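Both ligands and their constituent atoms are indexed starting at 1 by order of listing. Below, all heavy atoms of this structure are taken into account, side chains as well, without hydrogens, waters or symmetry copies. In this text the structure is predicted, and so the values were computed from the model without any measurement.
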Amino acid sequence: MNRLIYLDNAATTQVYPQVLDAMLPFFTEHYGNPSAIYSFANEAKKAVDQSRSTIADLIGANTDEIYFTGGGSESDNWALVATAEAYESKGKHIITSKIEHHAILHTCEYLEKRGYEITYIDVDEKGTIKLDELEAAIRPDTILISVMAANNEIGTIQPLKEIGAIAKAHGVLFHTDAVQAFAHIPINVDEMNIDMLSASGHKIHGPKGIGIMYIRKGVKIRSFIHGGAQERRRRAGTHNVPGIVGMGKAAELAKANMDNNIKNVSELRDYLIKRVLDEIPYTRLNGHETNRLPNNANFCFRFIEGESMLILLDQNGICGSSGSACTSGSLDPSHVLLAIGLPHEIAHGSLRLTLSEQTTKEDIDYTVDKLKGIIERLRSMSPLYEDFVKNHKE
Ligand SMILES: Cc1ncc(COP(=O)(O)O)c(C=O)c1O
Ligand code: FES
């Protein structure tokens, strides 16, 4: 079999065997509906409670502040739309950043069409939000600040504690899309003054289609999915018990291994970054050098088009991703790379490689060796590169 090197863990992760083992009995044996009265459903009910408590523990929340959802996108939509509706009498102004995931940005566009006003705060060249701009944007009618915990493309971690302090000082709610950060780096909702937080199971070696929203007690958010009385009447729908159990197990494993994972994965990430920057000319690292997710490396290679690079990597069994327009299915280049000030033609040549605890040094060496050849080959076919080399020789 061909070698497979999976370096797209920001897109999704492999479900750990322990996670799958924990889930299986809830498909077969304990399939009862946790909302039922009879004792047969007790195992399912207990498992849902256990998962809720593990997840709450990981972010320093109370168990009854965790709500299960259908994933990160649903949580993000819920946080914005339902807060907007619930706090309409205070105002219709929301603040977010220019580099949010589309689950936030497209929901903001939806709200704009319904009469809400959104301010999109700039980030600096490393992708860190400009705190002075954020604070200056707050108005008497501002109801919510939503800033992601860490960026999914370039990995930059945002100053959550500082943002939370600003929000609190001005009496504005603070939501964070922590889909990439949850269970990867420490987060504490009290220390960071977070009122709402979105997270997703499939980014932490749990199953797809399950997520959570943390909602601080006292926040007046309305329900978003209407129907039954599940999740304290705030999120209707029969519980996805296997998914909930899987996310809980993944959170438990992440908590137990977090320090080690951060250390090992970021060492390997730094090794990857160093080799790429040292060995491939005309290359830049996107995002913050140190204040970035342990598993994220994102580069721009000049004179290269992202999609061709991905296809050639794929031919070598390497899975990566690119913010380039043609691979993301949109016509615009990555809004994140443009927001950190990269010109269109450079943003075209981006490559995101995201590691996991399963990635080895051999995987990285193989990838860098192949990548060097691929970049050389693509550049040798590029008229822009040819001109550049000619001009620099003269
Ligand atoms: C920052 C961020 N927010 C939200 C999402 C959406 O999460 P989900 O796939 O669980 O809907 C993602 C997934 O790519 C993400 O990276
Ligand atoms: S042609 Fe692929 S990003 Fe422009």
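If you look at ligand 1, the protein residues with a non-hydrogen atom under 4.0 Å away are Gly71, Gly72, Ser73, Asp76, His101, Met148, Asn152, Asp177, Val179, Gln180, Ser200, His202, Lys203.
In summary, the aromatic rings of Phe40 and Tyr31 are positioned with their centroids under 6.0 Å apart.
The existence of a salt bridge linking Arg216 and Asp190 is confirmed by a sub-4.0 Å separation between a basic side-chain nitrogen and an acidic carboxylate oxygen. Classification of Arg139 and Glu117 as a salt-bridged pair holds, one side-chain N sitting under 4.0 Å from a carboxylate O.
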Indicate every side-chain donor-acceptor pair of residues 220-227 with a distance under 3.5 Å to a residue at least two apart or in another chain.
residue: Ser223; atom: OG; partner: His226; partner atom: ND1; Å: 3.3

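Put simply, CD on Glu231 and CE on Met213 are 11.5 Å apart, with the number rounded to the nearest 0.5 Å.
What you find for Ser97 and Leu105 is that their closest heavy atoms are O-CD2, 3.7 Å.
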